[in-house]
Number of protein chains: 2
Amino acid sequence: MTRSEENYLKAIFHLGGGDSKSITTNAIAEQMETKPSSVTDMAKKLSEKGLVDYVRYQGVSLTEAGVQTALSIIRKHRLWEVFLVKKLDFTWDEVHEVAEQLEHIKSEKLIDKIDELLDFPKYDPHGDPIPTKDGKFQERDEKLLSEMPINSKGVCVGVKDSSVPFLKFLDKNNIALGNTIQILDKEDFDNSLRIRMEGNEMRISHQIASNLFVKKNS
Amino acid sequence: MTRSEENYLKAIFHLGGGDSKSITTNAIAEQMETKPSSVTDMAKKLSEKGLVDYVRYQGVSLTEAGVQTALSIIRKHRLWEVFLVKKLDFTWDEVHEVAEQLEHIKSEKLIDKIDELLDFPKYDPHGDPIPTKDGKFQERDEKLLSEMPINSKGVCVGVKDSSVPFLKFLDKNNIALGNTIQILDKEDFDNSLRIRMEGNEMRISHQIASNLFVKKNS
DNA sequence: CATTTAATTTAGACAAAACGAAAAATAAAT
DNA sequence: ATTTATTTTTCGTTTTGTCTAAATTAAATG
């Protein structure tokens, strides 16, 4: 497995290619900030290796082997992110770039020991679930904050957009994973929300609310 | 800096190219398990970049910039080795291979935080000194065990050969860094030694003794 | 000092990964 | 059904790092 191959598998997975859905070369090229012609080349190569199903002009999807490989890389990425935050005091907007490098380190023992050191975390700093060693994915019962009904309560469990600017915005406004949020009111005009979070009332734009995952209190 | 360039600089340094001594392409090729012609190509490239001085048919030596770069890679390698042993319970014969990968991760903050997490260690698990952030090398006052006089005492501080078989041999015979060793006798015939280590008397071949660094008790 | 031997470099070729231009196939529109 | 537009692929080229084989230089030997 080369680094490049691993990055392609990861990108295809993130675009939904794990559910035997066909992903277009264009979509992959955009996700990876490369050119469609390069994607075609790699599609053939990965197809040769039995990691993707590729039909010309139809796009690619991951085979079972491809899914497992993608999950193992995502597992490493997210475990390293937890490590950086919990053990080295990185902030959640700093971890992605470094984890992009660390995810390619080849040593099964290393990642298992990191997992153990962190006490087998289930979620990464952005609230994304960490696949288990045998490639199982923990799905969560979560909704976007923007889709919660008025007066409902929930706990903030993840972000959809994990870009640096968004994460910094959340920090600045003291919005953190684990916070309890109650929807007080919705403004029809611009879809903004009035919420109570950890005691304080505040107003939140639709843009923000549609990028925050919340777990409904049952 | 590509991974390959970094590996060449490291190899040249380990062969003594840091002391403005010229290292032959053959020696570098052997150290890196590659071909002399490849070394020539890279020598030109590194020379272009001002990291080595290269004269055709004369070999290469590191420039000041080259030394600093080599030291920063060696620093990362050794810090990661300490991390693997101290935090993840790797044995000292397992760490090299993984550290060879980790040393190429590009993040100044990462390695500084690892350094801090480990409480700024001065030596790696094999007793090799860890360069400081500003590229200073801590030289040690040490001798090979084979060069110590009869009846002298010392503390085992490092290994010269850090190959897996040698390290496993040391483990099996309970020879560890930090142990106190006293030379009881030298056998002229085969240069083997009789020593007392942590209370026990034992016999050690010249081959072993000439790969163990000892710090003389003053 | 001439000649052999060993080390080193050059030249040409290859593989991986990427790109751009142009051709081919598909999808959309009329 | 045919034209038009878009997407995707093909093909030739580039870069990085490597190799083999041939040529060159330096060293060693008589």
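Order of the sequence lines sets the chain letters (A, B, ...), proteins ahead of strands, with each chain counted from 1. Being a predicted model, the structure only gives us computed values, none of them experimental. Computation of the quantities below employed the complete heavy-atom set of this structure, encompassing side-chain atoms and omitting hydrogens, waters and symmetry-equivalent molecules.
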Contacts under 3.5 angstrom, residues 157-169 of chain A side chains, donor-acceptor by atom type, not counting sequence neighbours:
{"residue": "A:D161", "atom": "OD1", "partner": "A:S163", "partner atom": "N", "Å": "2.8"}
{"residue": "A:D161", "atom": "OD1", "partner": "A:S163", "partner atom": "OG", "Å": "3.0"}
{"residue": "A:D161", "atom": "OD2", "partner": "A:S163", "partner atom": "OG", "Å": "3.3"}

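- A close approach under 4.0 Å does not occur between any side-chain nitrogen or oxygen of B:T2 and OP1 or OP2 of D:dT16.
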Side-chain donor/acceptor pairs under 3.5 Å, residues 16-42 of chain A, sequence neighbours excluded:
{"residue": "A:S22", "atom": "OG", "partner": "A:Q58", "partner atom": "O", "Å": "3.3"}
{"residue": "A:T24", "atom": "OG1", "partner": "A:A27", "partner atom": "N", "Å": "3.1"}
{"residue": "A:T40", "atom": "OG1", "partner": "A:P36", "partner atom": "O", "Å": "3.2"}

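- Atom CD in B:E33 sits about 11 Å away from atom P in D:dC19, given to the nearest Å.
- Cation-pi contact between A:K143 and A:F213: absent, since separation from the ring centre below 6.0 Å together with deviation from the ring axis within 45° is not met.
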Which pairs, protein N/O on one side and nucleotides 4-8 of chain C N/O on the other, fall under 3.5 Å?
{"residue": "C:dT8", "atom": "OP2", "partner": "B:N26", "partner atom": "N", "Å": "3.2"}
{"residue": "C:dT8", "atom": "OP2", "partner": "B:N26", "partner atom": "ND2", "Å": "3.3"}
{"residue": "C:dT8", "atom": "O5'", "partner": "B:T25", "partner atom": "OG1", "Å": "3.4"}

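- Residues A:K133 and A:E108 share a closest heavy-atom pair of CE-OE2, 3.6 Å.
- B:F90 does not carry A:K113 over the face of its six-membered ring by the limits of under 6.0 Å from the centre and within 45° of the normal.
- Put simply, A:K44 has a side-chain N or O that comes within less than 4.0 Å of OP1 or OP2 on D:dT10.
- Note: CD (A:E48) to P (C:dA15) measures 14 Å, nearest angstrom.
- For the pair A:K35 and D:dT8, the criterion of a side-chain N or O lying under 4.0 Å from OP1 or OP2 is not met.
- Within the structure, every pair that satisfies the ring-ring contact (aromatic ring centres under 6.0 Å, His included) test and touches residues 30-86 of chain A, not counting sequence neighbours, is listed here: A:H77-A:H96, A:W80-A:F83, A:F83-B:F83.
- Nucleotide C:dT10 holds its P atom 16 Å from the CE atom of B:M42, rounded to whole Å.
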Dump the pairs, protein N or O against N or O of nucleotides 11-13 of chain C, anything under 3.5 Å, distances to one decimal.
none

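- Taking atom OH of A:Y8 as the reference point, atom C1' of C:dA18 lies 8 Å away to the nearest angstrom.
- Summarising the geometry, the separation between CG on B:L46 and P on D:dT16 is reported as 13 Å, rounded to the nearest angstrom.
- Heavy atoms only, all atoms of each residue included: A:M148 and A:S152 are closest at CE-OG, 3.5 Å.
- Residue pairs meeting the salt bridge (Lys or Arg N to Asp or Glu O under 4.0 Å) criterion with at least one member in residues 71-81 of chain B, sequence neighbours excluded, are B:R75-B:D112, B:R75-B:D115, B:R78-B:D124.
- The two residues A:V85 and A:P125 have their closest heavy-atom pair at CG2-CG, 3.6 Å.
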